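Written out below as C-alpha cells is the structure these notes cover.
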There are 2 protein chains.
Amino acid sequence: MTTGQGSAAEMPEELARALAGAEARCLRAGAQLTELRRQVLALVLEAEQPLGAYALLDRLKAQRPGAAPPTVYRALDFLLEQGLIHKVERLNAFVGCVEAGYDHGGGHDHHHPHQFLICRDCGVTVEISDPAVAHALADAAARVGFRVGNATVEVEGFCAACATRPPEAAGA
Amino acid sequence: MTTGQGSAAEMPEELARALAGAEARCLRAGAQLTELRRQVLALVLEAEQPLGAYALLDRLKAQRPGAAPPTVYRALDFLLEQGLIHKVERLNAFVGCVEAGYDHGGGHDHHHPHQFLICRDCGVTVEISDPAVAHALADAAARVGFRVGNATVEVEGFCAACATRPPEAAGA
DNA sequence: GGGGTTCAGTTACTATATAACACGCGGCGG
DNA sequence: CCGCCGCGTGTTATATAGTAACTGAACCCC
Ligand SMILES: [Zn+2]
Ligand SMILES: [Zn+2]
Ligand SMILES: [Zn+2]
Ligand SMILES: [Zn+2]
C-alpha cells in the first residue's frame, strides 16, 4: 500500500469520513441523507474534478439502473441546500465543498462564502474561502445599498503548475 | 415629453449614442459591427434586464425572420469578445456593459473586471466595477500561485428598494 | 478568374434542466 | 382498520441552453 495507484475507484478512508460528517450535519439540520443522496454525494466526492449532472447520472446508473435526470437533480438540490456541495456555474458542474468534512460543533451549518479558481489549461478547480474577498464584495455591495446573499465567485486562469509551463507546448 | 412613460420601446437618444460608441470601439479593434450584430446589441441594450439567448432570438425574429440559435449565439460571441456585453452566468443571460458607452481614447478596449448584483426579489441586475474586489481576488489567487484571467463575480441578494420593503408583502 | 477570409443562412443535434404525474412508505387521527 | 398526508422516489415528457457542420454570398487580394 502506502498508496501508489491513487485511483479514484477506492479510497474509502477519506470518503467514509466525509460521508459520516455529512450524515451528522444532516441530522442536526433535521434533513435525511438518504441512500440515493449519499450515493450522489459519494460520486461527487470521488471525482477529482467538477462533474456535470449528466456525468453523475451516468455513473449513478451503475448502482441505480432506473435513474433519470430528476433523480440526480433532486439529490443535487438537496446537497446544495445542505451546503455539502457547490455548483460551478461556469462549468454547469458540481463539486464537494472542501469544508463539508469538518464537523463544526453546532454552529452555522449551511452555506459559506467561497471562491473557485479554475485552470483554463488543465481544468483543475480549487475552492478557496478568502474572507478578504467576501468582505470586499460585501463592502462594494453595501456602497450601493445592496444586501448580500449568496455570491458566485469563479476565476478562470492558470493554476500554479500550468502557469510555469510554457504557454503552448503543442501545435505547429 | 420630458419623459413620463419611460417605456422600453423607444428611447433612441441613449441607445443611438451607445451604438455609435460601440461602432467606434469596433473600428479601433479592427472588428466589424455588422447589421446583425448591431441589431442584437440593440436588443440587449433596450432590455432593462438580462435576456437569455432565446429571448433575444424571439425578438430578433421580428426583424430577421430566418434567425436561428446560431444566428444569435454568433452575434453574442462577437459582442462578448468586444466587451460590449457580459454574460450573467447565474441567469444564462446577457446584459450590455455599463462601460461600453464610454469611448476610452485609444486605451484598453476589451474586458474589464466587473461584478453583478442580482436582486432575488425584483430581478434587477446591476453591474459594478469595484477595484477592491478585483484586487482582493487577485491577491487570494496569487497566494496559491494562481494566475488570474477572467473572473465571474455575481452576488445574489436584495437591492436597495427590495431590502427596505417588508420581506413579504404578499401571501395570506 | 482562382483562392483566401469573413459573415450569415440552414439543418440537425447535443447538453442542461424542469414539469407533471404516479407510487410506496411511514406517521397520525378518525 | 382505514383514510389521509408529507416525503422521497420512479417515470415520462418537455423546456431551455448551446454547438456542429455544411452552404453560399460578399469581399479582397493577386
Ligand atoms: Zn465550500
Ligand atoms: Zn492547470
Ligand atoms: Zn462591463
Ligand atoms: Zn429588488
Side-chain angles (χ1 to χ4, degrees), chain A residues 22-23 26-27 29-44 47 49-82 84-95 123 152 154, chain B residues 22-23 26-27 29-44 47 49-82 84-95 123 152 154:
Chain A
E23 186 108 43
C26 288
L27 265 180
Q32 323 179 35
L33 186 61
T34 63
E35 175 67 8
L36 168 62
R37 290 162 178 175
R38 189 195 329 276
Q39 286 173 339
V40 173
L41 176 57
L43 288 173
V44 172
Q49 11 165 332
L51 283 186
Y54 281 74
L56 288 166
L57 177 55
D58 282 344
R59 305 187 183 200
L60 183 62
K61 279 179 179 164
Q63 305 165 294
R64 203 170 270 256
T71 312
V72 63
Y73 275 106
R74 287 193 285 231
L76 289 171
D77 283 347
F78 172 87
L79 297 170
L80 287 168
E81 194 76 23
Q82 300 304 316
L84 295 169
I85 65 173
H86 298 299
K87 178 172 186 183
V88 188
E89 298 284 347
R90 286 179 74 118
L91 306 176
N92 293 321
F94 303 85
V95 288
T152 297
E154 303 175 0
Chain B
E23 187 108 42
C26 288
L27 265 181
Q32 324 180 34
L33 186 61
T34 63
E35 176 67 8
L36 168 63
R37 291 161 176 176
R38 190 196 327 276
Q39 286 174 339
V40 172
L41 176 57
L43 289 172
V44 172
Q49 11 164 332
L51 284 187
Y54 282 74
L56 288 166
L57 177 55
D58 282 344
R59 305 187 183 201
L60 183 62
K61 279 178 179 164
Q63 305 165 294
R64 203 171 270 256
T71 312
V72 63
Y73 276 106
R74 286 194 285 230
L76 289 170
D77 283 346
F78 172 86
L79 298 170
L80 287 168
E81 195 74 23
Q82 300 303 317
L84 295 169
I85 65 173
H86 299 300
K87 177 172 185 184
V88 187
E89 297 284 347
R90 286 178 73 117
L91 306 176
N92 293 321
F94 303 84
V95 289
T152 298
E154 302 174 1

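Note that the coordinates shown come from a computational prediction; the quantities given were computed from them, not determined experimentally.
Not a single donor-acceptor pair, N or O on each side, falls under 3.5 Å between the base of D:dG18 and the side chain of B:R74.
Phosphate proximity of C:dA17 to A:K87: present, with a side-chain N or O under 4.0 Å from OP1 or OP2. Applying the 4.0 Å criterion to OP1 and OP2 of C:dA17, one finds that A:N92 has a side-chain N or O inside that range. For C:dT6, neither phosphate oxygen OP1 nor OP2 lies less than 4.0 angstrom from any side-chain nitrogen or oxygen of B:Q32. A close approach under 4.0 Å does not occur between any side-chain nitrogen or oxygen of A:R64 and OP1 or OP2 of D:dT9.
Stacking between B:Y54 and D:dT16 is absent: the ring centroid is not both under 5.5 Å from the six-membered base ring centre and under 30° in plane angle.
When atom types are taken as modelled, the side chain of B:R37 and the backbone of B:Q32 share a donor-acceptor pair closer than 3.5 angstrom.
Axis angle, first five pairs versus last five pairs of the helix from C:dG1-D:dC30 to C:dG30-D:dC1: 10°, rounded to 10°.
Residues B:L36 and B:R64 form a side-chain contact, since some pair of their non-hydrogen atoms from C-beta on lies under 4.5 Å apart. A:Q82 is not listed as a side-chain neighbour of A:L33, based on a closest heavy-atom distance of 4.5 Å or more. Taking 4.5 Å as the limit, every side-chain heavy atom of A:E35 sits out of range of all side-chain heavy atoms of A:Q63.
Separating the OH atom of A:Y73 from the C1' atom of D:dG10 is a distance of 18 Å, rounded to the nearest angstrom. The interatomic distance linking B:L51 (CG) with D:dA17 (P) rounds to 11 Å, in whole Å. What separates CZ of A:R90 from C1' of D:dG18 is a distance of 16 Å, to the nearest Å. Going from atom CG of A:L33 over to atom C1' of D:dC7 covers 15 Å, rounded to whole Å. Rounded to an integer number of Å, the gap from CG of A:L60 to P of D:dG8 is 17 Å. With rounding to whole Å, B:L57 atom CG is found 13 Å from C:dG9 atom C1'. Atoms CG (A:L56) and C1' (C:dT16) sit 13 Å apart, rounded to a whole Å. Computed from coordinates, the B:L36 CG to C:dT6 P distance equals 17 Å when rounded to whole Å.
Of the residues listed (A:V72, A:L80, A:V40), the one engaging A:F94 in a side-chain contact (heavy atoms from CB on, under 4.5 Å) is A:L80, and it is the only one. The one candidate from A:L91, A:V44, A:N92 that meets the side-chain contact (heavy atoms from CB on, under 4.5 Å) condition with A:P50 is A:L91.
Ranking C:dA17, C:dA19, C:dT10 by closeness to the A:P70 side chain, first place goes to C:dA19.
Closest-nucleotide positions on DNA chain C for B:A68 and B:T34 were compared, and the one nearer the 5' end corresponds to B:T34.
In terms of heavy-atom proximity, A:Q49 sits nearest to A:V95 at C-CG1, 4.4 Å.
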